[in-house]
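See structure below.
Convention: sequence-line order gives letters A, B, ...; per-chain numbering from 1.
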Amino acid sequence: MRTKYSVRTHNCGKLSPKNVGEQVILAGWVQRRRDHGGLIFIDLRDRSGIVQVVSNPVHGTEAFNVARKIRGEYVICVEGKVAKRPQGTVNPTLPTGEVEVIARDIEILNPSKTPPFEIESGVDVDESLRLKFRYLDIRRPEMLRNLKLRHEVVTKVREFLNKRDFLEIETPILTKSTPEGARDYLVPSRLQPGRFYALPQSPQLFKQILMVGGIERYYQIARCFRDEDLRADRQPEHTQIDLEMSFVTQDDILQLVEEMMVEIFSLLDIDLKTPFERLSHQEAVERFGTDKPDLRYSLDLVDISDIAFQSEFKVFTNAIASGGIVKGIRVPNCASLSRKEIDELVESATAKGAKGLSWMAISENEVKSPIAKFFTPSQLEEIVDRLEAKPGDLLFFVADKREVTCEILGYLRGELADRLGLMDPLQFKFVWIVDFPLFEYDEEEGRLKSHHHPFTVPTEDSLPLLDKDPLAARAYAYDLVVNGVEIGGGSLRIYDRKLQEKIFKLLEISPEEAERKFGFLLEALEYGAPPHGGIAFGLDRLVMLLAGCSSIREVIAFPKTQTATCPLTGSPDIVDEKQLKELHIRRR
RNA sequence: GGAGCCGUGGUGUAGCCUGGUCAACACGCUGGCCUGUCAAGCCAGUGAUCGCGGGUUCAAAUCCCGUCGGCUCCGCCA
């Protein structure tokens, strides 16, 4: 019996009436033990599922004695016969509920301490405890399901891209720090005193170099590192589905990705309609107040500046006079919202940076609002018409600079949708955001900053704008957004050294710095670089959406806490002085 | 760097506002009974000085300050 587990014949969860009569050897963990005194039931669990084992002294005296000692999470091996359950004892909630295994022999392979929390679905346990005992947490069905789903997504992606002639190629983890972007994780070099590697924020430059290397189609399931603060959807290391192609247009890439998404979502029997909706960056911001809109609900933002300017309401007219706008949002059937609820919304908008938030409640023949007195009846009617408001609707208005107005209302839009339960968790609304600005203005640094990254190619008609009005320049850049979550983004890249240098110059990266940081790329561009472009997806976010979770930690085997620590291993940790010395590092 | 919420036996919570049987409930765990349960049942028992430190008070889980940890968010994340 010592090594019987090595000849395990079946998986627990796979047993069915078809196996009745068969002699089987199972191995797994004890989910639960029900001791009836003269008869003991054991729910035996392995990765495939659970099956009930019955230990009756009649069928195995020794086994019964062992069964009495068994406790939860013991690892055991059971030999016995599969039997149909007696009439009236079938468990319809268990896939294997029609059968049970009559134990002839039971061996305890390894006992277990009582786990610090119950290993079952739907636990509500402190997350840091789950993470400290992640190996127990992973035994829970939800975690197993999520990790399995993640595996299936990755498998699907590989199949899909392999079929389309992509090569999976690894790029270095120990690489070079680059300016711009997120804070790098640094790794001190032992052999080169005083020098540091950086962990990659993405394989961006390597994949472009691979294109220059004639690979034409590359992908990688790539780990990426960013030393920034964490969120529910942000970890210091995350995994990207990274791909790059030569000789393609933006449309080629978008189309390929759509096909890939169809494949991925077919895993959950979800039929995605292609092509996905496309919104220009500008339209997204104007209509939804964000570049990652959740299109499961409408609540569009509507400009009423022209009407508002005619009113007597100083807040509105002043905002417009100083170059701002007034926009509104219509919330259906919410005129009955209590004053307290409205005040809460006003407060949250103010917390977001709004100077104020005006509202109007629409009823059959009047507009109830603290600001109604500043408007003529016909102006009010125009506003109602413009927002297509119906009796029972509630309207909110913000007056400020264009960007601020859109941002606040965009935030309010999400807040309202959440409160009103407009986010259908079973629906997946894909949208491409395209025509991104090439640059944005960095107030802090007082200079231009790449909206996507410095290697993104401007559209042809933007080229003349680079010198005149760079902020008006558009890029061949695109984001894929699902239900308000940005799951991927990419661009066509610059493959001309002169243009790349020009962009660096506009970003106020000196030729010396450009040479030092990106010299190898600039040089590569001079040796027959093909036109190319690509995209990268946040695998964790994608799987999170598919799994219906609200944090990527649920789909990562060993995630970090908000303070970037690992309760399981205790990393990060102090190291020996000897190690530091070898690395030429002195602590302050 | 900032804001908010949380921290009570192994787990999840109640108690906290209105200081004084202040430690309760469920699950778990241990033992006993029990041959058809599957969240088994019944009986008995075990177990927390209330994250930590300080303060107020005759008296603090309860009020105040600080601190640590977890989570959410802002900043940050090309």
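Using a 4.0 Å cut-off between charged nitrogen and carboxylate oxygen, A:Arg447 and A:Glu508 do not count as a salt-bridge pair.
Residues passing the side chain to side chain contact (heavy atoms under 4.5 Å, CB included) test with A:Ser571, sequence neighbours excluded: A:Lys560, A:Cys566, A:Thr569. A search for ring pair (Phe, Tyr, Trp, His ring centres under 6.0 Å) contacts involving A:Phe436 returns A:His281, A:His451, not counting sequence neighbours. Judged as a side chain to side chain contact (heavy atoms under 4.5 Å, CB included), and not counting sequence neighbours, the contacts of A:Ile209 are A:Phe520, A:Leu521, A:Ala524. Residues forming a side chain to side chain contact (heavy atoms under 4.5 Å, CB included) with A:Lys505 (at least two apart in sequence, or on another chain): none. Scored by the side-chain hydrogen bond (donor to acceptor under 3.5 Å, both in side chains) test, A:Glu120 finds A:Arg32 as partners (sequence neighbours excluded). Scanning for side chain to side chain contact (heavy atoms under 4.5 Å, CB included) contacts around A:Tyr185 gives A:Leu199, A:Phe225, A:Asp227, A:Pro236, with sequence neighbours left out.
One atom, CD1 of A:Ile552, and another, C1' of B:rU72, lie 15 Å apart when rounded to the nearest Å. The distance between atom CZ of A:Arg183 and atom P of B:rC77, rounded to the nearest whole Å, is 8 Å. For the pair A:Leu568 CG and B:rG70 C1', the computed distance is 17 Å after rounding to whole Å. In this structure, NE2 of A:His451 is placed 12 Å from P of B:rC77, rounded to the nearest angstrom. Between the C1' atom of B:rA3 and the CD atom of A:Gln562 lies a distance of 12 Å, rounded to the nearest Å. Atom P of nucleotide B:rC77 and atom CG of A:Asp233 are separated by 15 Å, given to the nearest angstrom. In this structure, NZ of A:Lys69 is placed 17 Å from C1' of B:rG31, rounded to the nearest angstrom. Atoms CG (A:Asp540) and C1' (B:rC77) sit 15 Å apart, rounded to a whole Å.
The base-pairing partner of B:rC42, taking Watson-Crick or G-U wobble contacts with both distances under 3.5 Å, is B:rG32. Nucleotide B:rA26: paired with B:rU11 (Watson-Crick or G-U wobble, both distances less than 3.5 Å). With both pairing distances under 3.5 Å, B:rC63 is matched to B:rG55 as a Watson-Crick or G-U wobble pair. Pairing for B:rU72 goes to B:rA3, judged as Watson-Crick or G-U wobble with the two contacts each under 3.5 Å.
For B:rA3 and B:rU13, the C1' atoms lie 27 Å apart once the distance is rounded to whole Å. Distance noted for atom P between B:rA39 and B:rG2: 50 Å (whole Å). To the nearest whole angstrom, the two C1' atoms, one in B:rU8 and one in B:rA26, are 15 Å apart. A gap of 49 Å separates the P atoms of B:rC71 and B:rU35, to the nearest Å. A gap of 33 Å separates the C1' atoms of B:rC33 and B:rA14, to the nearest Å. Rounded to the nearest Å, the gap between the P atom of B:rA48 and that of B:rC38 is 32 Å. B:rG53 sits 10 Å from B:rC68 when the C1' atoms are compared, rounded to a whole Å. The separation of B:rG9 from B:rU56, taken at their P atoms, amounts to 28 Å, rounded to a whole angstrom.
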For every nucleotide of nucleotides 34-39 of chain B, 5' to 3': is a protein heavy atom under 4.0 Å from its base (B), only from its sugar-phosphate (S), or from neither (-)?
-> BBBBBS

Verdict with reasoning, A:Ser202 to A:Gln240, per side-chain hydrogen bond (donor to acceptor under 3.5 Å, both in side chains) | CA-CA 8 Å; A:Ser202 85; A:Gln240 284 188 352; 4.9 Å; no

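Using the six-membered ring where Trp is involved, A:His453 and A:Phe455 have ring planes that are tilted, between 30° and 60° apart.
The phosphate of B:rC73 has neither OP1 nor OP2 within less than 4.0 Å of any side-chain N or O from A:Arg234. The shortest distance between the side-chain N/O atoms of A:Thr114 and the OP1/OP2 oxygens of B:rC29 is not below 4.0 Å. OP1 or OP2 of B:rC71 has not a single side-chain nitrogen or oxygen of A:Ser550 nearer than 4.0 Å.
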List every contact pair, protein side and nucleotides 46-48 of chain B side both N or O, where the distance is under 3.5 Å.
none

At a cut-off of 3.5 Å, list every protein nitrogen or oxygen paired with a nitrogen or oxygen from nucleotides 6-12 of chain B, distance to 0.1 Å.
{"from": "B:rG10", "atom 1": "O2'", "to": "A:Pro116", "atom 2": "O", "distance (Å)": "2.8"}
{"from": "B:rU11", "atom 1": "O4'", "to": "A:Pro116", "atom 2": "O", "distance (Å)": "3.4"}
{"from": "B:rG12", "atom 1": "OP1", "to": "A:Asp126", "atom 2": "N", "distance (Å)": "2.8"}
{"from": "B:rG12", "atom 1": "O3'", "to": "A:Asp124", "atom 2": "OD2", "distance (Å)": "3.4"}

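Counted within 6.0 Å of OH on A:Tyr197, heavy atoms from surrounding residues, nucleotides or ligands total 12 or fewer; the atom is thus considered open.
For the side-chain hydrogen bond (donor to acceptor under 3.5 Å, both in side chains) with A:Thr171, the lone residue among A:Gln220, A:Lys207, A:Gln204 that qualifies is A:Gln220.
A:Thr565 comes within 4.0 angstrom of sugar-phosphate atoms only, judged by non-hydrogen atoms across all strands, and of no base. Backbone-only contact: A:Arg553 has heavy atoms under 4.0 Å from sugar-phosphate atoms and none from a base. Within the 4.0 angstrom heavy-atom criterion, only backbone atoms of the sugar-phosphate kind lie near A:Thr563; the bases stay farther away. Within 4.0 Å of A:Arg231, counting heavy atoms only, lies at least one base atom of the nucleic acid.
Listed by first and then second residue, the salt bridge (charged side-chain N to carboxylate O under 4.0 Å, His left out) pairs that reach into residues 44-58 of chain A are A:Arg8-A:Asp46, A:Arg45-A:Glu73, sequence neighbours excluded.
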Solution key, residues 533-541 of chain A side-chain donor-acceptor pairs under 3.5 Å, sequence neighbours excluded:
{"from": "A:Asp540", "atom 1": "OD1", "to": "A:Arg150", "atom 2": "NH1", "distance (Å)": "2.9"}
{"from": "A:Asp540", "atom 1": "OD1", "to": "A:Arg150", "atom 2": "NH2", "distance (Å)": "3.1"}
{"from": "A:Asp540", "atom 1": "OD2", "to": "A:Thr239", "atom 2": "N", "distance (Å)": "2.9"}
{"from": "A:Arg541", "atom 1": "NE", "to": "A:Asp233", "atom 2": "O", "distance (Å)": "3.3"}
{"from": "A:Arg541", "atom 1": "NH1", "to": "A:Glu486", "atom 2": "O", "distance (Å)": "3.0"}
{"from": "A:Arg541", "atom 1": "NH2", "to": "A:Asp233", "atom 2": "O", "distance (Å)": "3.4"}

Side-chain donor/acceptor pairs under 3.5 Å, residues 52-62 of chain A, sequence neighbours excluded:
{"from": "A:Gln52", "atom 1": "OE1", "to": "A:Arg34", "atom 2": "NH2", "distance (Å)": "2.9"}
{"from": "A:Gln52", "atom 1": "NE2", "to": "A:Glu100", "atom 2": "OE1", "distance (Å)": "3.1"}
{"from": "A:Asn56", "atom 1": "OD1", "to": "A:Val58", "atom 2": "N", "distance (Å)": "3.0"}

